[in-house]
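Throughout, protein chains are lettered first and strands after them, A, B, ... in sequence-line order, and every chain is numbered starting at 1.
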Amino acid sequence: MNGQTRLGARPYPYESMLANPQALDRLDVEFRWGSYGIRMLKFHHTSFPPGKIAHFHKHSDYEFHFIPRGKGKVILGNDPFSLHEGMMYLTGPGLMHYQEADAFEAMDELCLHIDIHRLEDGLAGADDWGARWERAEADSCIHLLEQLPARPVMDTYRAMECFLTAYRAWHDNQPGVMTVIKQSIIQILLRMTRAYETMPQQELPSRDMKHYRYQLAVQFIKDNYMAPLTLEIVAERVQISARQLQRIFREQTGGTFSEYIEQVRLMHICTELAASDATIDQIAFQNGFSSANYLHYVFKKKLGTTPMQYRLHNAQRS
DNA sequence: CAGGCTAGATATTACAAGTG
DNA sequence: CACTTGTAATATCTAGCCTG
């Protein structure tokens, strides 16, 4: 029966895995997720013929079981549960369990068996590029796994589809197959813990919006200081009102928006005065000043000297 | 927290004129 | 010619106040 599409039944979504149900078991997959090292031991499709029994046993690792088709029963510790299509359960380290297919109907199973161990922290740059959030998410998920109740539930978030995703990546020799397998495993862990909903969702990382907008504005100014920039143009870029942008600059710099732009422009102008032969007119235009005489006015006001005098004292040219 | 309005302050422009 | 300074008119910005 197994391995064949039953006449009149809808197509079996995991049919393609039956060609090589244990293919992924041959791959030596291990990866880091947050602070954890995860090693894949089994990642396969298996079938229990009618009446087949797997007697009581346990593992020192985590085994994720999914029932894509058929029915049967499982005993977790001392508690018996009936199983049917679409259910899943976890057998954590040390949990004694017993599985049995229905006397008259086969039961298929998708099984992921992994070893999870905590890795040493203290890597340089361990908080860079989102590592902190990945660590927090992995911590939270694995903490939930450790406390998951020993009872089957429906696979509400379709974790078992990840078996197919991983299998296809291997079968089609997709680019990045190991990454796909890693992501599939992580998804299975996340979706399973979510289905039990034993704990409130962790709060998502949120930005300090004021600082974030300030940074956006600053970056925009640094990229475009050579063009005419007004408060309104920058505010539009950052998608806030001009008034709010003013407030943000006051808060983040202690100064004003125009003081900031002026500072950026003058910094570039000083560098160019010292390093290039361009006329002051040219330098003024290239740095967002619409005329040289206005540059003179601003330059003298801020630096107490004229552009030409500054050039004479700071020339780096030979 | 964020946007709109406002008076007063400040920045910017356009132009003229002086210097070496 | 390149640079500098000054002035008046105009544009833009700032910060307080109010509102949702």
Quick one: which protein N/O atoms are closer than 3.5 Å to N/O atoms of nucleotides 18-20 of chain C? Pair and distance per line, please.
none

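Residues meeting the ring-ring contact (aromatic ring centres under 6.0 Å, His included) test with A/Tyr297, sequence neighbours left out: A/Tyr294. For A/Tyr260, the ring-ring contact (aromatic ring centres under 6.0 Å, His included) partners at least two apart in sequence or on another chain are A/Phe249. Qualifying ring-ring contact (aromatic ring centres under 6.0 Å, His included) partners for A/Tyr36, counting only residues two or more places apart in sequence or in other chains: none. With sequence neighbours left out, A/His65 forms a ring-ring contact (aromatic ring centres under 6.0 Å, His included) with A/Tyr89, A/His97. Residues that satisfy the side-chain hydrogen bond (donor to acceptor under 3.5 Å, both in side chains) test with A/Asp25, not counting sequence neighbours, are A/His44.
For A/Gln246 and B/dA11, the CD to P distance is 13 Å, given to the nearest whole Å. The nearest whole Å value for the distance from the CD atom in A/Gln244 to the C1' atom in C/dC13 is 16 Å. Remark: C1' of C/dT12 and CZ of A/Arg243 are 14 Å apart, rounded to the nearest angstrom. Taking atom CD1 of A/Ile261 as the reference point, atom C1' of C/dC13 lies 11 Å away to the nearest angstrom. As a whole-Å value, the separation of A/Phe289 CZ from B/dT13 P is 9 Å.
The side chain of A/Thr256 contributes an N or O atom lying less than 4.0 Å from OP1 or OP2 of C/dT14. An OP1 or OP2 oxygen of B/dT10 is reached within less than 4.0 angstrom by no side-chain nitrogen or oxygen of A/Lys301. Note on A/Ser291: every side-chain N or O is 4.0 Å or more away from OP1 and OP2 of B/dA14. One finds a side-chain N or O of A/Arg213 lying less than 4.0 angstrom from the OP1 or OP2 phosphate oxygen of B/dA2.
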*Base-contact (B) and sugar-phosphate-only (S) positions in nucleotides 1-8 of chain C, heavy-atom cut-off under 4.0 Å, - elsewhere*: --SBBB--
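Heavy-atom contacts from other residues, nucleotides or ligands closer than 6.0 Å to CD of A/Gln215 number more than 12. Within 6.0 Å of the CD atom in A/Glu232, the count of heavy atoms belonging to other residues, nucleotides or ligands does not exceed 12.
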Would you give me the side-chain donor-acceptor pairs under 3.5 Å for residues 177-189 of chain A, sequence neighbours excluded?
unit_1   : atom_1 : unit_2   : atom_2 : d
A/Ser184 : OG     : A/Val180 : O      : 2.8
A/Gln187 : OE1    : A/Arg191 : NE     : 2.9
A/Gln187 : OE1    : A/Arg191 : NH2    : 3.3

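Listed by first and then second residue, the ring pair (Phe, Tyr, Trp, His ring centres under 6.0 Å) pairs that reach into residues 145-164 of chain A are A/Phe43-A/Phe163, A/Phe66-A/Phe163, sequence neighbours excluded.
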